[in-house]
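The block underneath contains the structure these notes are about, expressed in structure tokens.
We name chains A, B, ... by the order of the sequence lines, and we start the count at 1 in each one. Quantities reported herein were computed from a predicted structural model and do not represent experimental measurements.
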2 protein chains.
Amino acid sequence: MATGRTERPTQRGRGIPEATVARLPLYLRALSALSERGVPTVSSEELAAAAGVNSAKLRKDLSYLGSYGTRGVGYDVEYLVYQISRELGLTQDWPVAIIGIGNLGHALANYGGFASRGFRVAALLDADRAVTGQRIAGMAVRHMDDLEQIVREDHVSIGVITTPAPAAQEVCDRLVAAGITSILNFAPTVLSVPEGVDVRKVDLSIELQILAFHEQRKSGLDPVAGPVPGRPSKPGERGDLPEVMPA
Amino acid sequence: MATGRTERPTQRGRGIPEATVARLPLYLRALSALSERGVPTVSSEELAAAAGVNSAKLRKDLSYLGSYGTRGVGYDVEYLVYQISRELGLTQDWPVAIIGIGNLGHALANYGGFASRGFRVAALLDADRAVTGQRIAGMAVRHMDDLEQIVREDHVSIGVITTPAPAAQEVCDRLVAAGITSILNFAPTVLSVPEGVDVRKVDLSIELQILAFHEQRKSGLDPVAGPVPGRPSKPGERGDLPEVMPA
DNA sequence: CCTACTTTGTGCGTACGTTCACAAAAGCCT
DNA sequence: AGGCTTTTGTGAACGTACGCACAAAGTAGG
Ligand SMILES: NC(=O)c1ccc[n+]([C@@H]2O[C@H](COP(=O)([O-])OP(=O)(O)OC[C@H]3O[C@@H](n4cnc5c(N)ncnc54)[C@H](O)[C@@H]3O)[C@@H](O)[C@H]2O)c1
Ligand SMILES: NC(=O)c1ccc[n+]([C@@H]2O[C@H](COP(=O)([O-])OP(=O)(O)OC[C@H]3O[C@@H](n4cnc5c(N)ncnc54)[C@H](O)[C@@H]3O)[C@@H](O)[C@H]2O)c1
């Protein structure tokens, strides 16, 4: 999962738990599908199944938003779509800027799924003059020189970083300086940002490594005990590894 | 964060907490950078800073792997790189198949960062005959007809789904039937899989929605309270839609 | 109106994750 | 060798998350 530093001990007063916030989009998606099929109401059991979660969890999550269900009946689909959208801030428009129009930036720029939920690609930016000026998905790639102006004029508040890792921190700093307070980072680096700026990351490599970990477990063999690169080795050492044998 | 269904109550005995597993790749990346710079040892404080976590957490995480540090000194970089790699299963090769070579599949296929950690793109697959046969990154796109054979012959154990959402479950089922037990899903759908198969998802749209939620909070205004679409309302009816006015 | 049934909203026990804080271990210097 | 410094490894306290199970609230039918 791409988990970023959006975490806080959990907000005060009216705060919705972070774990819940992360699931709301899931519910919203399931509800949208129901809505399109013209389904008027849905029970927590059905909705939970569609979202792939436990129904008690779903009910608790929804209860943070308010008491929007009807006992004996379920939830009104349209009404709940609206409430969740509102809570997530999707009733307003969020202009997004994509920085680094290479392989990945290209794919994102061409991606239609963005617009669907109030996220609008407002600008594509790159530092390479061989790239700037190109038109992608009907939009000209602008040069990084124009960053500050673009952010200001288009009220961009979300930046997506798809530059190579070594450039990411620098780009991030510029985005922050330009006034952006939410960043989605695809570069495999830890970004450091001042208080008040949220960073979330999407890291393919980490996801694969987590899968590999479990895959290895499944294949029975414990973490391959093999020739170990000599321990830091003080004086004396135990040479080899644990040597766990699972029967 | 893309969080998938890799969760389990936590393994028995020798089990490493899921949260820890998710951070190991982060430590590994930081350590690799240190290793390249020729740094021989690192303290938990330094490594934690590089990975963007609390040092106590880092030490506890590492302690699950074993007692690999030296008090008063820190951790031997090379040794720790090896231990984490081994634990994650990166000392072996993981052939990966990418299914759905469109915008995103293309970008992934061209991406070099894969190979770096033992993940090898073994096959590119698509259902569209206009796509199959094309060469991408020196590799021919194969047709879905060959899926089972490819999985068998190349020992593919990890599948990456980059098809449109409506096709994802069907593709997933075929992957599972072919023997794949780890799936990374980029399509915005909940996949259902049998016990024993791990699915992790990467969902851009969810990440943006989480950012929007926090962004909205930061902009002061609570979730725009405005004229609400008439509550579900018993009998029939429900008024009209949102009509939010953000002042 | 009253009874039977459905489904929400939530209290509560449990498990999991994070952080503090410190004893114990190791190196270093005299 | 002993004392001083550094830094690990972990016990314990706290906070967050999960899911069961059930009362309360609603619908439906007579
Ligand atoms: N391609 C993938 O499938 C993939 C997958 C996972 C992660 N990533 C990560 O995403 C990032 C982009 O990957 P990619 O394959 O698109 O790389 P790429 O090299 O194709 O594209 C990077 C783009 O960023 C631009 N750039 C470089 N420095 C810049 C700067 N300082 N300011 C603005 N733009 C700058 C370059 O001109 C280039 O157009 C990398 O960090 C990569 O590790 C990519
Ligand atoms: N492009 C992005 O930046 C982006 C971002 C986030 C999520 N996604 C998601 O990733 C997925 C792919 O996006 P995309 O933009 O690459 O779409 P795309 O339409 O460009 O590519 C999809 C590819 O999948 C192939 N395909 C369709 N049905 C198939 C099947 N049954 N078996 C095998 N192959 C099949 C198609 O032939 C096509 O080549 C979508 O689910 C999308 O929502 C894309």
Which nucleotide sits closest to the side chain of [X]: [options]?
X: B:N54; options: C:dT19, C:dT7, D:dT7; answer: C:dT19
X: B:A56; options: C:dT10, D:dG26, C:dC20; answer: C:dC20
X: B:R23; options: C:dT18, C:dA26, D:dT27; answer: C:dT18

For [N], does either OP1 or OP2 sit under 4.0 Å from a side-chain N or O belonging to [X]?
X: B:R59; N: C:dC22; value: no
X: A:S67; N: C:dG9; value: yes
X: A:Y75; N: C:dG9; value: yes
X: B:S44; N: D:dT7; value: no
X: B:R71; N: C:dC22; value: no

Report yes or no: does [X] contribute a side-chain atom to a donor-acceptor pair with the main-chain N or O of [Y] at less than 3.5 Å?
X: B:N185; Y: B:T189; value: yes
X: A:S32; Y: A:L28; value: yes
X: B:K201; Y: B:F186; value: no
X: A:S43; Y: A:E46; value: yes
X: A:T20; Y: A:I16; value: no

In whole angstrom, what separates [X]'s [atom1] from [N]'s [atom2]?
X: B:L58; N: C:dT18; atom1: CG; atom2: P; value: 12 Å
X: B:L24; N: C:dG17; atom1: CG; atom2: P; value: 13 Å
X: A:K60; N: C:dG9; atom1: NZ; atom2: P; value: 12 Å
X: B:E18; N: C:dG17; atom1: CD; atom2: P; value: 8 Å
X: A:E45; N: C:dT6; atom1: CD; atom2: C1'; value: 12 Å
X: A:K57; N: D:dA21; atom1: NZ; atom2: C1'; value: 17 Å
X: B:I16; N: C:dG17; atom1: CD1; atom2: C1'; value: 15 Å

Practice problem: Looking at every strand, decide which applies to B:A19 at a 4.0 Å heavy-atom threshold: base, sugar-phosphate, or nothing. | Solution: sugar-phosphate
